[in-house]
Protein chains: 2
Amino acid sequence: MTDTSALLLSERIRIALADEITTGALASGVALDEQQIGDRFGASRTPVREALRQLASSGLIEMRPRRGAIVAAMTPDTIADMFEMSAEMEALCIRLATYRMTPIERSALRRLHEASEAMVAAGDIDAYDTFNLRFHQAIYEGTHNRFIAAQAVALRERMAAFRRTQLRESGRPVKSRAEHGQLLDAIMRGDGEEAAKAMRAHMFNASSAMERMIQSQS
Amino acid sequence: MTDTSALLLSERIRIALADEITTGALASGVALDEQQIGDRFGASRTPVREALRQLASSGLIEMRPRRGAIVAAMTPDTIADMFEMSAEMEALCIRLATYRMTPIERSALRRLHEASEAMVAAGDIDAYDTFNLRFHQAIYEGTHNRFIAAQAVALRERMAAFRRTQLRESGRPVKSRAEHGQLLDAIMRGDGEEAAKAMRAHMFNASSAMERMIQSQS
DNA sequence: CCTGTTTCCAGTGTATGCAAGAATGTGTCC
DNA sequence: GGACACATTCTTGCATACACTGGAAACAGG
């Protein structure tokens, strides 16, 4: 993907760790030893520490002074709170986007949606997850507010692990795509409030699917 | 205030710099030399670098690889975008808070509002600014969603410089307090949508006052 | 066997040193 | 006089070294 060799060492470490956390490779609560991480990347502790600081401010890890860093502890309550924020953030974005997207942006969104039909039919979860990201990102950009879009991306990034879990429930991709269709309809009708409501419902359904997945796993 | 001697050196530097940026003591675009900052705090470059990394992830400064850090550049567009996000965030909080605050929380909010009358009458801007923070923070906590409250606090923190500017417009504190009264009414009536609308108006008025202040200064 | 104390060590926090890249100034050529 | 190439200097990025703290392990007393 991106050429990491040009980046600073601390950036490469930060991106790699963020990736491992959001994909779930590094489980919640795991301790992060600076020396150990440094060895893994062939780096000293200095760039590792800088990476950890940044991950801490983005909320992916928690740093306790003189006691090291751990992957952010996720209680069911915390997750529920994050899902609510996420739903409201998405609702805000789609409401603004409905009123502000250009005709070109609107048709690009429709094309994206149409292209996703094949992925659902083929049951390709990874492809659909990638599409999902692009669909929502197109809505963020439709707000024509860079600050809001950046915040939305950061929040979505942080919830990546849960989103993928949720899509694995049987039949969920089909439903998810149908919900996207409703979002698109509301946007095309120019009804921002309706689009926001549909988005809250979409996010709620995703959240419920995730809860069921977690229940069934335990 | 807080006993800084117990904190880590890097934390003290981070807090001090954040304070200087949010109060406007460090103007937008100013270059931040690591060695120079270190000398100022009697520290080496290591803790300074860690502080800078964190400030960068919170958006207060921008780091250009191998080219140092500068206080985040604020174009009028960026500021407008941030104000919109801020208004929507506050609107979200007050809507949720209206439906979720306990009677005790509600009466605490009313008492806060009543106490602010004297500050406005005395023309004490600093005291009113502090009250303002507490009033809005009580609303954040009224959401009973820690994640949303934390995001709201972070956003408000970042806009601190603008808020204080805005309150210096003659007559603004009186109007601000009157608007708070309307917010309180909507909360007491349990009308979350109305509270959200009143909050957007409140934030819009604050933003307009700030624009006028900036215009008159230049 | 349990509890409170002491010791020790793994791991973090900070300072310093060195190397590489960016910014700046100087000289030469047109 | 202006533009480009080169050298110099300044700053950042990373590595290493040392100091300090928190917590586990060992130990003594009940």
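Naming convention: chains lettered A, B, ... in sequence-line order (proteins, then strands); numbering from 1 in each chain.
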Per nearest nucleotide of DNA chain D, the residue lying toward the 5' end, B:Thr46 or B:Gln35, is B:Gln35
At a 4.0 Å cut-off to heavy atoms of chain A, the contacted part of DNA chain C spans C:dG11 to C:dT14
Rounded to whole Å, CD1 of B:Ile70 lies from P of D:dT12 at a distance of 13 Å
Quick note, side chain to side chain donor-acceptor pair (under 3.5 Å) partners involving residues 90-101 of chain A, not counting sequence neighbours, are A:Glu90-A:His136, A:Glu90-A:Tyr140, A:Glu90-A:Arg156, A:Arg95-B:Glu88, A:Arg100-B:Glu84
With sequence neighbours left out, the residues meeting salt bridge (charged side-chain N to carboxylate O under 4.0 Å, His left out) with B:Arg53 are A:Glu11, A:Glu50
inquiry  = Looking at A:Glu141 and A:Arg134, is there a salt bridge between them, counting it only when a charged N and a carboxylate O are closer than 4.0 Å?
reply    = no
Rounded to whole Å, the CZ-P distance (A:Phe41 to D:dA15) equals 13 Å
For nucleotides 17-23 of chain D, tabulate all protein N/O to nucleotide N/O atom pairs closer than 3.5 Å, reporting atom names and distance.
unit_1 : atom_1 : unit_2  : atom_2 : d
D:dG23 : OP1    : A:Arg67 : NE     : 2.8

Hits for salt bridge (charged side-chain N to carboxylate O under 4.0 Å, His left out) against B:Glu179, two or more places apart or cross-chain, chain-then-number order -> B:Arg172
For B:Arg146, does the CZ atom have more than 12 heavy-atom neighbours from other residues, nucleotides or ligands under 6.0 Å away?
no
Original post:
Any Lys/Arg nitrogen of A:Arg164 or A:Asp126 sitting under 4.0 Å from an Asp/Glu carboxylate oxygen of the other?
Top reply: yes
Here the gap from B:Leu60 atom CG to B:Glu157 atom CD, rounded to the nearest 0.5 Å, amounts to 8.0 Å
Those residues at least two apart in sequence (or on a different chain) that pass side-chain hydrogen bond (donor to acceptor under 3.5 Å, both in side chains) with A:Ser116 are A:Arg177
B:Met63 atom CE is separated from D:dG13 atom P, nearest whole Å, by 6 Å
Between CZ of B:Arg49 and P of D:dA15 the distance, given in whole Å, is 11 Å
Check every strand shown and say whether A:Leu52 touches a base, only sugar-phosphate, or nothing at a heavy-atom separation below 4.0 Å.
-> nothing
Whole-Å distance, A:Leu8 CG to D:dT11 P, equals 18 Å
note: A:Glu50, atom CD; D:dT12, atom C1'; distance rounded to Å ~ 10 Å
query = What nucleic acid atoms does B:Leu32 come within less than 4.0 Å of, heavy atoms only: base, sugar-phosphate, or nothing?
reply = sugar-phosphate
Whole-Å distance, A:Asp39 CG to D:dC14 P, equals 16 Å
inquiry  = Between A:Asn132 and A:His180, is there a side-chain heavy-atom distance shorter than 4.5 Å?
reply    = yes
